[in-house]
Amino acid sequence: MSERLYPVTLQVNGERVEAQVSSRQTLVDFLRDSLRLTGTHVGCEHGICGACSILLDGEPVRACLMYAVQAEGCSVTTIEGLALPDGTPGPLQDAFCETHALQCGYCTPAMIIASHALLEANPDPTEAEIRDAIGGNLCRCTGYQQIVEAVQLAASKLAKGPK
Amino acid sequence: MKSAPFEYIRPETLAEACAVLEEHGGDAKLIAGGQSLIPMMAMRLARPAWLVDINRLGALKSISVSDDALAIGAAVRQCVVERDPGARANLPLLGKALKWVGHVQTRNRGTVGGSIVHADPSAEIALVACVLDATLVLEDSSETSEMQAREFFFAPMVTAIAPEQCLTEIRFPVWKEARVGSAFEEVSIRHGDFALVSACAQVALDADGLCIRAALGIGGASPFPHALPEVGQMLVGKRLDEKVIVEAADLAAGLIDPDGDLHATADYRRHLARVMAARTLAAAVEDAI
Amino acid sequence: MKPVAASASFRYIGKQRRTKEDPRFVTGRGRFVADIALPGMKHVALVTSPHASARIKAIRTETALTMEGVRYVLTGEELCANVDPLYVGVDAPKVHRYPLARDVVRYAGEWVVAVVADSRALAEDAAEKIEIDYEPTPYILDPEKAILPGALLVHPDHGSNVLFRRKFVWGPVEEDFARSEHTLSFRARWGRSATVPIETFGVAAQWHPGTQLLDVWASIQMPKFPDQTARALRLPGNAVRVHFDVDVGGSYGVKRGIKHTVLVGYLARRLGMPVRFIEDRLENMRGGDMHGPDRIFDMTVAFDADGTIRSLKIRALDDVGAYAGRSPLQLGKPVGAIVGPYRINSVEYEPISVLTNKTAQEAVRGFGQAPTNYAIETAIDRVARHLGMDRVELRKKNFIAKDQFPYLIPSGSTYDSGDYVTVLDKALDAVKFNELVATRDAARKAGRLAGIGIATCLEPSGGNSAFEPLFNPKNQTTTWMDSCLVRVDISGAITGVMNTSTSGQGHETLVSTVLGEVLERDPDSIRVVHADSLNALPSNSPVGSRMAIMLGGAAAGAAKKIKATLMAIAAHNLGVPESALEYRDGNVVPKTGAGKGLTWDRLVEIAHRNFHLLPKGMEPGLQAKFVWEVPTGGGLPTADGRIQMYPCYSFEAHLVLVEIDPLTAQPKILRYVCGHDCGTMINPSIVHGMTYGGIAHGIGAALYEKFAFSDNGQLASQTFMDYLMPSALEVPAVDIVDHCTPSPLTEFGQKGSGEAGYLGAPAAIASAINDALAPLGRSIDELPMTPLALWEKLQGGSTR
């Protein structure tokens, strides 16, 4: 007796996706295994480490704490969707490279998602606000310092506007 | 850590949701934000045969302010309450509590009702509901009933809700006195962790600064969020100076029933309860301009 | 080798440059093992022991086998009959370790049955249906009881619970104690924690019957991983191909995964299907064997009234859990820095590695140095307190002075270079120490508990694992090599090949920077790839802060060979001696500036196309390999256990200001400065990043993280709800102050730095917390220093 499949239709990185999913497949597993968008990572599967962060209708959430079927009609943005339209990395991603805000890269997509959401809502955050925005994303490599610097750098670049 | 299999239903109406609960009883579980439920399902500690998704039920999504209450639909997201002007103006205590609830990302999904029904003894929203003695509106297929928050919680994760019932609304009383102050403080090991102990206070002062109304509660130090009306009564008519606050905190520390676990012994929790009761009362007084 | 001057300036080395690795990760294009989907791949879930100790009476798999998608159910009985036991680092042939339990389980969380199914979810469904009859048996959890004669035995065939025990006496310990004016003793406990990467261990394997080859992709950081995998699977070494180009999501020592790999490798062969196992977090925490040192130090210090520290007696009891791989050796590595940065004349060191019915330990960042530094620095602080002497002055008084290098310590290692006073002074300046003291004192006056912490510690680097023969004379391993292959292809493009895995240390950047420096070509144009274990040159993997030294050195060595080849080709074709030519930016030109030279492109063309123009006997093409032994390596221990351990010694000086809320006992770090000297930094951003990260790890170990076991042997902190790791809200901003004392042993003066920060942070934070408690006459000598532990101290001692 096979598991029943449920239809789900959603937007992922601006593209319409129609799929059949098992009810228990989490959103992160769906993105990774069914859509092969492996930039979002699994770290704990119980909602603490934040490595699975994505934007759901523009707001950062933990994709391990949603079932894919629940995302019906929603718009999901993953790290793959944060590049600029021509595929080049955006200013935030560039800032992460400039300050070396990563080492192993495992928490990085989630950090960028969380930082992106912060800068969209608050283009000139204080250090405390940055730390709060990434406070639910654990990193074991960087000690967070260069990540904070990257967000500050991106904020200052975005404030200056496009060249 | 993959969930055990379940059937998924996304009812279009509250009546439909209740009908499913009626049919399947304890085999069905409602899911709103899922921030507490899904980790339990991932660890297979919760394994409902039916998962009923109420995230999109309009009936559960409204916030309204009436003369003396702030009514929040059970499926209203915590982040929505944080930003709602009516909630901020009329019930600042809730916003102060929400600062301590998880992280940005969990508040983007977690709901007010979900936190209450999950009934972790250290849950912040549940503590505010108990301290203010909010009214919980419960519905099942046959009727709508109301229950006071202070009667709702029995033990960790155990409430008065019946398997066929859905929490639909939480009505927080709004104090209309001229000088109302509130505070919410928490001791946790890291920011965003489950509270070891939390304290929640709201006071109303008269023009001379005497207390005319007070409510205090302690979370994480009893099997349920613990409102302490005895302390509130003790404070009425008094000037809430340091001496009185210490007395109140001592009384509070004697009323709670803490347990020990990996992170805190019962003694430590009782001590923290005393400290946090004093701190929040003092802060609430300060806030009551 | 001519020592590099501290003021040496390089073209690329030491400059602020972006790394090669970052661009792919910021766009989500890493390739971690869970990203690898092999066609027809199956998935594994585990059934684990609920008991700390039990006999397995029966395993019933019938129901599980009927379930949807289930392909196989593997028990220990089958597996253990078909693979060889895993390697133990000490001489304990009766302490067998296999991926699955057979007949008995020895810790709660031990893996008992593996289920293979079409998906992880289906495998978990079936795992729930496995029925196991256990007969629980008594267990032992207290390491101090476990070493006593007559103790309950975790491995009865081994005859005791002691895996290793030896008392080393280096120098005239008893005489030094006799003539010292003072002694003091104390106990310090380093609680069990680990560096817990966000990515769990994962491995995928595929067996190719046509070529008799097992392909392995794993999230690995482990010396001799392909070899040990092959041996356990009873395969020849060239029948296993480990793909080192898999991105590893953090390791910091722990990703040894040998039992996972043997399990999956066996299944892949047995089933003829690719198999992948990604630990879930519960499997990882309880049974992934990635816990770190769990150590009780009994310290006695002999010193004079003027602060001269003469001798140390150290007993280090480490609870490795129910099995051991390399974990007992974490008591051996600190031998190489057993006196810290101090001129201590003699040491008695008694390491004891003991078995209990707990999750097995594995290697953790620093390989035992962080706990040892914590114990040594606690001793220094206690001496200062005893004498009423300033902690900075006491340290400076006992530091090895900069003109005393190379400095031989009593246990046989020579420290290569250092300037401890200068680094500490730089840190003191940066933190504005007098102001820091004033800030602390003002806080105290206002009724708050405030303390300043100081820790000055060594970071041995270079990874000569001479503790292997030290702890096991039957193991005569003295080779600790690494390697690099450099190719200049027919188009003139440069590719460097590294021969092991990377877990965030920026090795591609390291190698390309070094190659660019030596060949005077832009590192951005240089590609670095990872070999696999069949085409790799020998390597010992990135452990022991060794890659800047060893991989950097190998890259430089290979590049120098290429450069020499180009010079020879040029001299031969220009008809002049090499001494008349100089190498400039890849071209070879006359030193005088007059006459013809040859460009890079032309030289490459000659090498690849014009055999008739090559010097006689020269190999065609343009490539070089360099394989070399760790500097100062190759020795065996003396009879009294003296040995040269790691070659290069980096140094860190931490200064911390903390406050403890006097009512809630919550600690808070208010200021953090770290002076750091790892010689020449090849890429400063990478070094700083790892130092910040090491400090964050240290904050976790000091204040938050513990693998706590209940009285019945259950891991109480088995999820991230209870094992608490510091977030951006717990880790403060840190100021790093750099200093450079080059190593005389390396090409560019670089020392290793992969463990920086972690080796000194716990000591520094403990020092600060104790300074905060000192006015109350209290002290805490157990990590982690949780709010509960601090509160119990504030109450006046503890019941723990």
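Quick note: numbers below take in every heavy atom, side chains included, and nothing from hydrogens, waters or symmetry partners. Every chain is numbered from 1 and lettered A, B, ... according to where its sequence line falls, protein lines coming before strand lines.
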*Asks:* Under 4.5 Å heavy-atom distance to chain A, tell me which part of Phe32(C) shows up: side chain, backbone, both or neither.
*Replies:* side chain
*Asks:* Mind ranking Arg31(C), Glu705(C), His688(C) by heavy-atom pairs under 4.5 Å with chain A and telling me who comes out on top?
*Replies:*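 When all of Arg31(C), Glu705(C), His688(C) are compared, Glu705(C) has the most.
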*Asks:* For residues Val248(C) and Cys104(A), determine if any side-chain heavy atom of one lies less than 4.5 Å from a side-chain heavy atom of the other.
*Replies:*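 Heavy-atom side-chain distance check fails, nothing below 4.5 Å.
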*Asks:* Are Arg29(C) and Ile79(A) close enough, and set up right, to give a side chain to side chain contact (heavy atoms under 4.5 Å, CB included), and what steps lead you there?
*Replies:* CA-CA 9 Å; Arg29(C) 290 198 168 79; Ile79(A) 183 70; over 6 Å; no
*Asks:* Decide, yes or no, whether a salt bridge links Arg18(C) with Glu98(A) under the criterion of side-chain N to carboxylate O below 4.0 Å.
*Replies:* yes
*Asks:* Give, as side chain, backbone, both or neither, the part of Glu199(C) having an atom under 4.5 angstrom from any heavy atom of chain A.
*Replies:* both
*Asks:* Please round to the nearest 0.5 Å and tell me the distance separating atom CG of Leu102(A) and atom CZ of Arg24(C).
*Replies:*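 Those atoms lie 10.0 Å apart.
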*Asks:* Under 4.5 Å heavy-atom distance to chain A, tell me which part of Asp118(C) shows up: side chain, backbone, both or neither.
*Replies:* neither
*Asks:* Select, from Gly693(C), Ser251(C), Ala696(C), the one with the greatest count of heavy-atom pairs under 4.5 Å involving chain A.
*Replies:*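 Greatest number of close heavy-atom pairs with chain A: Gly693(C).
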*Asks:* Measuring heavy-atom distances to chain A, does Pro732(C) have an atom under 4.5 Å in its side chain, in its backbone, in both, or in neither?
*Replies:*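 The backbone, not the side chain.
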*Asks:* Can you tell me how far apart CG (Leu729(C)) and CD1 (Ile134(A)) are? Round to the nearest 0.5 Å.
*Replies:* 8.0 Å
*Asks:* Just to be sure I understand the criterion: a residue of residues 33-45 of chain C counts if one of its heavy atoms is under 4.5 Å from a heavy atom of chain A. Which ones qualify?
*Replies:*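 Contacts with chain A: Ala34(C), Asp35(C), Ala37(C).
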*Asks:* Is Ile112(A) close to chain C through its backbone or its side chain, or both, or neither, when contacts mean heavy atoms under 4.5 Å?
*Replies:*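 Just its side chain gets close to chain C.
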*Asks:* Can you say whether Val42(A) sits under 4.5 Å from chain C via the side chain, the backbone, both, or neither, judging by heavy atoms?
*Replies:* backbone
*Asks:* To the nearest 0.5 angstrom, please state how far the CZ atom of Arg281(C) sits from the SG atom of Cys64(A).
*Replies:* 11.5 Å
*Asks:* So, Arg140(A) side chain and Ile198(C) main chain: donor-acceptor pair closer than 3.5 Å or not?
*Replies:*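 Flag not set: sc Arg140(A) to bb Ile198(C) has no pair under 3.5 Å.
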*Asks:* Do any of residues 12-38 of chain A have a heavy atom less than 4.5 Å from a heavy atom of chain C, and if so, which, in residue order?
*Replies:* Arg24(A), Arg32(A), Arg36(A), Thr38(A)
*Asks:* Check the pair Met721(C), His46(A) against side chain to side chain contact (heavy atoms under 4.5 Å, CB included), reporting the backbone distance first and the verdict last.
*Replies:* CA-CA 9 Å; Met721(C) 297 183 198; His46(A) 55 283; 4.0 Å; yes
*Asks:* For chain C, which candidate among Gly136(A), Cys49(A), Cys97(A), Gly105(A) shows the most heavy-atom pairs at distances under 4.5 Å?
*Replies:* Cys97(A)
*Asks:* Taking side chain as everything from C-beta outward and backbone as N, CA, C, O, which of these in Thr108(A) sits under 4.5 Å from a heavy atom of chain C? Side chain, backbone, both or neither.
*Replies:*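 Just its side chain gets close to chain C.
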*Asks:* Test side chain to side chain contact (heavy atoms under 4.5 Å, CB included) on His100(A) and Ile686(C); report intermediate values, then the result.
*Replies:* CA-CA 7 Å; His100(A) 189 51; Ile686(C) 290 178; 3.8 Å; yes
*Asks:* Locate the shortest heavy-atom distance separating Glu45(A) from Asp280(C); write the atom from each residue and the value.
*Replies:* OE1-CB, 3.7 Å
*Asks:* When heavy-atom pairs shorter than 4.5 Å are enumerated against chain A, which of Pro23(C), Gly700(C), Gly28(C) gives the highest number?
*Replies:*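 Answer, by heavy-atom pair count under 4.5 Å with chain A: Gly28(C).
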*Asks:* Quick check on Asn137(A) against chain C: is it the side chain, the backbone, both or neither that has a heavy atom closer than 4.5 Å?
*Replies:* neither
*Asks:* With a 6.0 Å cut-off (strictly less than), is the heavy-atom count around NZ of Lys15(C), excluding the residue itself, greater than 12?
*Replies:* yes
*Asks:* Using heavy-atom distances under 4.5 Å, tell me whether Ala83(A) contacts chain C through its side chain, its backbone, both, or neither.
*Replies:* neither
*Asks:* Against chain C, work out which of Ile130(A), Thr78(A), Asp94(A), Thr40(A) has the most heavy-atom pairs shorter than 4.5 Å and name it.
*Replies:* Asp94(A)
*Asks:* So, taking the atom named OG in Ser727(C) and the one named CG in Asp132(A), what distance separates them when rounded to the nearest 0.5 Å?
*Replies:*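 Separation between the atoms: 9.0 Å.
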*Asks:* Could you tell me whether a side-chain N or O of Gln103(A) sits under 3.5 Å from a main-chain N or O of Gly689(C), the two making a donor and an acceptor?
*Replies:* yes
*Asks:* Determine whether a donor-acceptor pair (N or O, by modelled atom type, separation under 3.5 Å) exists between the side chain of Gln146(A) and the backbone of Ser685(C).
*Replies:*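 Checking the backbone N and O of Ser685(C) against the side chain of Gln146(A), a donor-acceptor pair under 3.5 Å is found.
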*Asks:* Contact part of Leu122(C) toward chain A, heavy-atom cut-off under 4.5 Å: side chain, backbone, both or neither?
*Replies:* both
*Asks:* Check whether any side-chain heavy atom of Tyr106(A) sits under 4.5 Å from a side-chain heavy atom of Pro197(C), and report yes or no.
*Replies:* no
*Asks:* Between Tyr692(C) and Tyr144(A), is the gap from one ring center to the other below 6.0 Å?
*Replies:*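 For Tyr692(C) and Tyr144(A), the ring centres are not under 6.0 Å apart.
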